[in-house]
Amino acid sequence: MSQPFVTATVSASADMSAEARVAAYDWKALTGELDSYGCAVLPKLLTPEECSHIAALYRDKSHFRSHIIMARHGFGKGEYRYFNYPLPDLVGGLRTALYPRLAGVANDWNERMGMAQRFPADHASYLRQCHDAGQTRPTPLLLQYVPGDFNCLHQDLYGDLCFPIQVAILLSEPGRDFSGGEFALTEQRPRMQSRVEVVPLHQGDAVAFAVHNRPVQGTKGNYRVNLRHGVSRVRSGMRHTVGIIFHDAR
């Protein structure tokens, strides 16, 4: 049975904490980064203690609805688990707090690309649209990589309704917990070679990035580019990431 008011499961304190930390960023500058490069970094969104707490959830299957082994599906090598509802307070709080900041960007992008869909101002209303369309399964996930693991370039779509920006938070510290495993974004431009953006992150840093398409200003107006994201091969250690996807899945 679907849960149309999922955000109600987030504690008030977690919701307020998430809103306060999200509001502290320079969103004019972040929007400029998203518009220019298709991605933007939110430094130190989580503390090291919060990162360790979320990463430790991976061992407890009760928090998750499914477990994916990437190699079985041709996704790469590594594994991840999709959270159940109710989401952990911090994950759910950040999902609720980040969405309104990104919805304005998403609506501007759709207008510039000539797409009719507009996104509501609050996440609960958007989830209601997803659930009405049969997309009722939660999509936030926790990923785990060990040496030799990687994530092929892909797009997290999951259904007809797709919010065009998502957020990934690195829970491990490069150089201490793991090596390799860089986040990469590729952008396929019409009649041009693809552009690659490699995003350096530290523990607790988040990257907001385009899921599928974004507009680019050309000499004759806006045109649409296609994006995919992935993770390069982990060379040593263990890498954990939490992914916050704003649409739910079929």
Side-chain angles (χ1 to χ4, degrees), residues 1-25 42 44-69 79-103 106 119-144 156-172 203-209 211 240-250:
M1 184 176 181
S2 67
Q3 301 184 32
F5 301 104
V6 176
T7 52
T9 63
V10 180
S11 72
S13 60
D15 199 25
M16 289 175 62
S17 171
E19 173 57 35
R21 72 178 78 191
V22 167
Y25 289 95
L42 288 70
K44 299 181 179 179
L45 181 62
L46 296 181
T47 67
E49 294 75 19
E50 289 168 336
C51 290
S52 297
H53 172 73
I54 295 174
L57 297 178
Y58 198 85
R59 298 189 295 268
D60 185 351
K61 295 180 180 179
S62 67
H63 293 288
F64 304 97
R65 66 173 175 85
S66 64
H67 181 197
I68 306 297
I69 305 298
E79 58 184 80
Y80 54 90
R81 299 180 191 269
Y82 286 106
F83 284 104
N84 273 322
Y85 280 135
L87 302 175
D89 278 349
L90 187 53
V91 175
L94 287 172
R95 198 185 192 206
T96 299
L98 286 163
Y99 172 87
R101 308 282 175 172
L102 299 173
F119 300 94
D122 65 279
H123 194 232
S125 297
Y126 181 57
L127 284 182
R128 214 171 280 121
Q129 292 181 3
C130 290
H131 294 186
D132 288 345
Q135 296 178 209
T136 59
R137 297 189 297 164
T139 49
L141 68 164
L142 189 54
L143 303 100
Q144 178 174 280
D156 296 310
L157 302 179
Y158 300 126
D160 293 334
L161 294 184
C162 172
F163 191 75
I165 302 169
Q166 69 187 67
V167 174
I169 310 170
L170 184 60
L171 305 178
S172 310
Q203 184 181 41
D205 291 352
V207 55
F209 57 96
V211 175
H240 285 101
T241 308
V242 63
I244 298 179
I245 298 167
F246 298 96
H247 49 277
D248 276 352
R250 285 192 178 277

Handout entry: Atom pair CG (L90) and CD1 (I169), whose distance is rounded to the nearest 0.5 Å
Key = 7.5 Å
Exercise for the section: Heavy atoms only: give me the nearest P100-A97 pair and the separation to one decimal. Expected result: CD-O, 3.3 Å
Problem - Test item: R21 side-chain N/O and L45 main-chain N/O as donor-acceptor pair under 3.5 Å - result: yes
Problem - Side chain R81, main chain Y58, donor-acceptor under 3.5 Å - result: yes
Problem - Short N-O contact, K44 and E50, less than 4.0 angstrom - result: no
Handout entry: Pairwise side-chain contact, Q166 with F209, heavy-atom cut-off 4.5 Å (strictly under)
Key = yes
Practice task
Could you check if a side-chain atom of D160 sits within less than 4.5 angstrom of a side-chain atom of R250, using non-hydrogen atoms only?
Solution key: yes
Practice task
List the atom of Y80, the atom of L141, and the distance in Å for their closest heavy-atom pair.
Solution key: CD1-CD1, 3.4 Å
Exercise for the section: Evaluate the side-chain proximity of I68 to Y82: yes if any heavy-atom separation is below 4.5 Å, no if none is. Expected result: yes
Exercise for the section: Return yes if some donor-acceptor pair links the side-chain N/O of Q203 with the main-chain N/O of S172 below 3.5 Å, else return no. Expected result: no
Exercise for the section: List in chain and number order the residues that pass side chain to side chain donor-acceptor pair (under 3.5 Å) with D122, two or more places apart in sequence or in another chain; answer none if no residue qualifies. Expected result: S125
Completion exercise
Taking every heavy atom of T139 against every heavy atom of I245, the minimum-distance pair comes out as OG1-O, 3.2 Å
Fill in the blank from the handout: Heavy-atom closest pair (L157 atom, C162 atom, distance to 0.1 Å) is CD2-SG, 3.6 Å
Handout entry: From I54 atom CD1 to L46 atom CG, the distance as rounded to the nearest 0.5 Å
Key = 5.0 Å
Exercise for the section: Report yes if the side chains of F83 and P138 come closer than 4.5 Å at any heavy-atom pair, otherwise no. Expected result: no
Practice task
Evaluate the ring planes of H247 and Y158, with Trp represented by its six-membered ring, and classify them as parallel (under 30°), tilted (30 to 60°) or perpendicular (over 60°).
Solution key: tilted
Completion exercise
Contacts of Y126 meeting ring pair (Phe, Tyr, Trp, His ring centres under 6.0 Å) (sequence neighbours excluded), chain-then-number -> Y99, F119, F163
Exercise for the section: Step through the shown structure and confirm whether more than 12 heavy atoms of other residues, nucleotides or ligands are within 6.0 Å of NE2 on H53. Expected result: no
Problem - Atom pair NE2 (H67) and CD (Q144), whose distance is rounded to the nearest 0.5 Å - result: 7.5 Å
Handout entry: Heavy-atom side-chain proximity of H123 to R95 below 4.5 angstrom
Key = yes
Exercise for the section: Nearest 0.5 Å please: distance from the CG atom of L171 over to the CG atom of D205. Expected result: 11.0 Å
Handout entry: Atom pair NE2 (H131) and CG (L161), whose distance is rounded to the nearest 0.5 Å
Key = 10.5 Å
Practice task
Could you tell me whether the side chain of Q135 and the main chain of D248 form a donor-acceptor pair under 3.5 Å?
Solution key: yes
Exercise for the section: Starting at CD1 of I165, measure out to CD1 of I244 and round the result to the nearest 0.5 Å. Expected result: 13.5 Å
Exercise for the section: Report yes if the side chains of V167 and L102 come closer than 4.5 Å at any heavy-atom pair, otherwise no. Expected result: yes
